[in-house]
Structures are given as structure tokens and as C-alpha cells.
Asker: 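First the structure, then my questions, so here it is.
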Amino acid sequence: MAPLTTPSPPWALLAEVTHACPLQCPYCSNPLDLVRRSAELGTGDWRRVMREAGELGVVQAHISGGEPLLRGDLEDIIAAAEDAEIYTQLVTSGLGLPPARLDRLVAAGLRSVQLSVQDAAAPNSDLIAGRGGSFAAKEEAATVVTAAGLPLGLNVVLHRHNIDHIDEIIRLGVAWGAERIELANVQFYGWAMRNRTALLPGRDRLARAQKVVDDRRAELADAVEIIWVVPDYYEGIPKPCMGGWGSRSLTVGPDGTALPCPAAYAIEGLDPPNVKERSLAWIWERSSAFAAYRGTSWMPEPCRSCPERERDFGGCRCQAFALTGDAGRTDPACRLSPDHHLVEAAVSADEEIPALVYRRPGRRRS
Ligand code: SF4
């Protein structure tokens with residue numbers, strides 16, 4: 001049934017232009033069934049998506065993947081965003097970004113780059129990424145980006161295998177010229193859920209890391225922005241995922257699937273629309289998938305009567321589904337959730353730490 005009221009327009013688009021990737025990170029949040037390259041949207045589809053996004057009110061697009069540099073038509077996609085007056089940020093591993101390629105992307109309209117890195121030094125960064133030489137390529141990419149005068153952000157997913165190096169990671173970001181360092185405590189969606197026990201850092205490591213972040217923030221003041229993505233498994237406080245479901249941003253996947261959140265592929269019964277069949281305006285304003293958990297009226301107790309409901313929107317729908325099988329329940333990360341014991345059991349389990357399972361090409365969605 002179509003929603004009765006028209007929602008405010010989104011301001012951000014996450015364009016996942018491919019699931020293909022040269023790395024094999026064990027914390028990958030992409031879905032278990034990846035979209036094949038043969039099923040990806042074509043250049044014309046992405047041009048239309050960008051045009052419709054601009055018409056809808058989107059002002060910022062994060063061009064992501066997988067590794068978006070694997071798309072030979074990335075320049076065309078960025079140019080379409082530029083034509084639609086959308087600010088573009090490339091979210092990349094940094095592999096495959098020689099100066100000539102960046103020059104072409106900048107000429108097309110690229111405005112900033114967010115670079116992922118797995119640790120502060122090559123041996124462990126390459127080990128986590130599952131690819132030798134990847135740290136050196138990232139370092140080179142950082143040099144190329146800053147030499148071109150583009151704002152550089154560094155994104156580091158934190159977990160048991162790198163969180164003790166957080167001071168060195170922040171120093172690395174400063175040395176590479178990052179204006180923003182995002183320290184993203186690992187979130188357990190997609191492939192990352194398979195490695196949950198191996199990735200959970202433990203309370204002591206987290207507490208030490210938080211202290212380092214506080215100290216370095218005070219020291220660096222306004223020189224570098226340091227973002228600390230809350231480790232919701234440990235804090236009992238759910239994150240306001242995506243700023244509210246269908247509230248601020250939308251994701252378009254490699255095959256055109258449109259979702260309120262990139263992890264929502266996994267939610268069964270959501271019936272997500274596809275940009276090949278519907279306009280972005282229809283998807284945003286009229287699709288049942290985007291309306292499903294928008295606002296607060298869908299909420300069960302304890303969210304329904306909780307003073308925090310307008311702040312965190314009941315937490316993350318994808319996490320609720322991953323842990324309980326029902327995306328409409330309160331996020332189990334919340335200490336008030338009747339399912340919070342599921343999270344507490346995970347963080348307090350006294351299990352042997354298993355080896356990481358790397359993300360390798362395998363079962364894919366067609
Ligand atoms: Fe947020 Fe719901 Fe928990 Fe309240 S009960 S803090 S609204 S998740």
C-alpha cells in the first residue's frame with residue numbers, strides 16, 4: 001500500500017557500482033551472495049540514476065563497492081553526478097588509482113576520496129586485506145590524492161586484530177594527510193557475521209582504544225576530524241543506523257536493487273524495488289520497502305514508549321533481523337531490548353578465537 005504522506009527528500013546516495021573487489025577482508029559487510037559483474041547496471045542506467053537522484057534532492061553521492069575503480073566507466077558515472085549537481089566522494093581500497101586515472105576522475109567532477117586501510121603498517125594491513133602489496137598501493141594512492149589537492153579521508157574498520165594499534169593508525173592518517181579519520185568499530189553484517197567471534201575485540205581492548213582516541217582528539221583539536229563509530233555490541237546503546245530508515249539516504253546496489261541501508265539485502269520479505277523498473281522518486285516516496293520502518297509508528301515496545309526513539313529509531317533493522325530473524329524487533333544491541341541477551345552472550349563468550357575466514361570469490365547472486 002502506498003504511504004499516505006510524502007517523505008522528506010534524501011540528501012545522500014550510496015552508489016555501490018560493483019561488488020567486485022581486489023581485497024578479501026574478513027569483515028566485509030557486503031551480502032553473502034554478491035552480484036555478478038554480468039548483472040551490474042550499465043553506464044546508461046547509472047546516468048539515469050544520477051539524474052533522478054539530483055531531481056529527487058540528493059546532494060551527495062558516495063561511489064562505493066566492492067572496488068568502484070574496477071568500473072571502466074566510473075568517469076561517466078561521476079560526470080553524470082556532476083551534471084546533476086551532486087557532490088561525489090570515491091570510497092576506495094586505493095588499488096588501481098594512478099595519477100592519470102585520478103586526473104580523469106577529477107576532470108569528471110570527483111570532489112573527495114575516502115581510502116580504506118586495514119592497519120598502520122604493511123605486514124598486518126596486507127594480512128587482514130588478504131593481499132600482499134595492498135598497503136603500499138594505498139600509501140601511493142594517498143599521495144596521489146593529496147597531490148591532486150582533493151580532501152582525503154581514511155576509513156579503518158577496527159577489530160581484535162588491529163585495535164591495539166589505534167594510536168599508530170591515527171598517526172598514519174595524519175602522516176598521509178587525511179582531513180578525516182573514521183575509526184569504524186566492526187559491524188556484524190554480511191560476511192563479517194561469519195567472523196564475529198574472531199573479530200570481537202573484547203572490553204579491555206576497546207577501553208584502551210577509546211582512551212587513545214580521546215587523547216588524540218584533544219591533541220589534534222581541529223586539525224583532523226576523528227570519527228569513532230560506536231561499538232554497539234559493548235555499549236548497550238544502539239546506533240541510529242542511516243539516520244533513520246528511509247530518512248536521509250538510499251543505496252543502489254550493483255544490479256539496481258534499491259535499499260534504505262546497504263546491509264538490508266539480507267532482510268527476508270522486504271521485497272526491495274529496482275531502479276531498472278521504477279524511478280528513484282517512486283522508490284523513495286511510494287515503495288513499501290522504504291516505508292516499512294520509516295519513522296516511529298512501526299515500533300514495538302520498548303521503543304514505542306522510549307524517550308530515545310526519535311534519536312536512534314530503535315537501532316538497526318539489519319542487526320535486528322540478523323540476530324532475531326525479525327527486522328521489526330528492537331535492536332538487540334539496546335540494553336532495553338528483550339533480545340539483548342543475544343548480544344551479551346556474544347561479547348562474554350569464553351570461546352577459543354577461531355582463524356579468520358577470508359572473503360574469497362564464491363557463491364554469488366545473479
Ligand atoms: Fe532506542 Fe528502542 Fe532501546 Fe529506546 S528501547 S533506546 S528507542 S532501541
Side-chain angles (χ1 to χ4, degrees), residues 24-33 118-119 124-125 127-130 155-166 169 182-213 228-241 261-268 300 302-303 306 308 312 314-360 362-363:
Q24 304 180 358
C25 304
Y27 54 74
C28 180
S29 61
N30 279 341
L32 296 183
D33 293 341
Q118 280 67 25
D119 204 340
N124 204 43
S125 184
L127 187 66
I128 295 168
N155 179 281
V156 189
V157 175
L158 296 175
H159 45 79
R160 165 180 290 273
H161 302 275
N162 64 6
I163 198 167
D164 289 341
H165 308 149
I166 194 161
I169 289 170
E182 184 170 317
L183 303 166
N185 284 285
V186 61
Q187 306 288 316
F188 296 106
Y189 312 120
W191 192 268
M193 195 64 172
R194 289 195 171 182
N195 285 303
R196 187 172 68 172
T197 303
L199 292 169
L200 280 167
R203 290 189 192 283
D204 292 347
R205 282 193 181 86
L206 262 176
R208 286 196 296 272
Q210 176 79 68
K211 170 82 169 60
V212 171
V213 169
W228 172 255
V229 177
V230 173
D232 59 353
Y233 261 54
Y234 290 91
E235 300 209 342
I237 300 171
K239 56 190 178 297
C241 197
C261 163
Y265 284 103
I267 297 178
E268 290 169 13
C303 299
C306 178
E308 296 295 325
D312 65 27
C316 175
R317 298 306 84 227
C318 304
Q319 186 149 278
F321 181 82
L323 295 178
T324 74
D326 181 354
R329 290 181 71 81
T330 296
D331 185 344
C334 176
R335 63 169 67 91
L336 302 176
S337 161
D339 302 310
H340 188 53
H341 62 95
L342 297 172
V343 167
E344 286 185 314
V347 299
S348 60
D350 188 18
E351 299 175 50
E352 192 175 330
I353 304 302
L356 293 169
V357 180
Y358 283 85
R359 172 123 238 191
R360 301 187 202 284
R363 201 161 58 94

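All of these numbers come straight from a predicted model, not from anything done at the bench.
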Asker: Do any N or O atoms from the side chain of Asn162 and from the backbone of Val157 form a donor-acceptor pair under 3.5 angstrom?
Answerer: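 Looks like yes, one N/O pair under 3.5 Å.
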Asker: In Å and rounded to the nearest 0.5 Å, what is the CG to OG1 distance from Leu336 to Thr330?
Answerer: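 Output value for this atom pair is 8.5 Å.
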Asker: If we ignore hydrogens and angles and just use 3.5 Å, is the side chain of His159 paired with the main-chain N or O of Leu200 as donor and acceptor?
Answerer: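 Such a contact is absent between His159 side chain and Leu200 backbone.
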Asker: So which atom in Pro332 and which in Ser337 form the shortest heavy-atom distance, rounded to 0.1 Å?
Answerer: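 Result for this residue pair: CA-OG, 3.6 Å.
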Asker: Please report the closest heavy-atom contact between Arg329 and Ala320, naming both atoms and the distance.
Answerer: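 Shortest heavy-atom separation between Arg329 and Ala320 comes out as O-CB, 3.5 Å.
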Asker: Using modelled atom types and a 3.5 Å cut-off, is there a donor and acceptor pairing between side-chain atoms of Trp191 and backbone atoms of Gln24?
Answerer: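 Pair absent, no side-chain N/O of Trp191 close to backbone of Gln24.
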Asker: Check whether any side-chain heavy atom of Ile163 sits under 4.5 Å from a side-chain heavy atom of Asn185, and report yes or no.
Answerer: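 They are in side-chain contact.
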Asker: Is the backbone of Pro26 close enough, under 3.5 Å, to the side chain of Asn195 for a donor and an acceptor to pair up by distance?
Answerer: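 Yes: the side chain of Asn195 pairs with the backbone of Pro26.
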Asker: With a 4.5 Å heavy-atom cut-off, do Ser29 and Gln187 have their side chains touching?
Answerer: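 Heavy-atom side-chain distance check fails, nothing below 4.5 Å.
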Asker: Under 3.5 Å, is there a donor-acceptor pair between the side chain of Arg317 and the main chain of Ala327?
Answerer: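 Side chain of Arg317 to backbone of Ala327, a donor-acceptor pair under 3.5 Å: yes, one is there.
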Asker: Okay, side chain of Asp331, backbone of Gln319: is any donor-acceptor separation there less than 3.5 Å?
Answerer: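 Side chain of Asp331 to backbone of Gln319, a donor-acceptor pair under 3.5 Å: no, none is there.
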Asker: Determine whether a donor-acceptor pair (N or O, by modelled atom type, separation under 3.5 Å) exists between the side chain of Glu235 and the backbone of Tyr233.
Answerer: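 Checked: no pair found.
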Asker: Is there side-chain contact between Val343 and Leu323, with heavy atoms separated by less than 4.5 Å?
Answerer: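 SC-SC contact between Val343 and Leu323 confirmed.
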Asker: Within the side chain of Arg194, is there an N or O that forms a donor-acceptor pair under 3.5 Å with the backbone of Tyr358?
Answerer: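 No, the answer is negative, given that no donor and acceptor are paired below the 3.5 Å cut-off.
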Asker: Looking only at non-hydrogen atoms, find the nearest pair between Trp228 and Ala209 and report the distance.
Answerer: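 Closest pair (atom of Trp228, atom of Ala209, distance): CH2-CB, 4.0 Å.
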Asker: Using the salt bridge (Lys or Arg N to Asp or Glu O under 4.0 Å) rule, collect all pairs that involve residues 195-211, keeping only residues at least two apart or in two chains.
Answerer: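 Checked against salt bridge (Lys or Arg N to Asp or Glu O under 4.0 Å) - neighbours excluded - the pairs reaching residues 195-211 are Asp164-Arg205, Asp164-Arg208, Lys211-Asp215.
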Asker: Indicate yes or no for a side-chain donor-acceptor contact from Tyr234 to the backbone of Gly202 under 3.5 Å, with no hydrogens or angles considered.
Answerer: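 Side chain of Tyr234 to backbone of Gly202, a donor-acceptor pair under 3.5 Å: yes, one is there.
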Asker: Measuring from atom CD1 of Ile353 to atom CG of Leu199, what distance do you get when rounded to the nearest 0.5 angstrom?
Answerer: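 Ile353 CD1 to Leu199 CG: 9.5 Å, rounded to 0.5 Å.
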Asker: Nearest 0.5 angstrom please: Asp312 CG to Ile237 CD1, how far?
Answerer: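 Asp312 CG to Ile237 CD1: 9.5 Å, rounded to 0.5 Å.
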Asker: Quick one: pull up CG in Leu32 and CZ in Arg359 and give me the separation to the nearest 0.5 Å.
Answerer: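 Reported value, rounded in 0.5 Å steps: 6.0 Å.
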Asker: Partners of Ala264 by side chain to side chain contact (heavy atoms under 4.5 Å, CB included), sequence neighbours excluded?
Answerer: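 If we apply the side chain to side chain contact (heavy atoms under 4.5 Å, CB included) test to Ala264, skipping adjacent residues, the hits are Trp245, Leu259, Cys261, Ile267, Leu270, Cys318.
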Asker: Just how far is it from atom CZ of Arg160 to atom CG of Leu206, taken to the nearest 0.5 Å?
Answerer: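 The CG atom of Leu206 is 10.5 Å from CZ of Arg160, to the nearest 0.5 Å.
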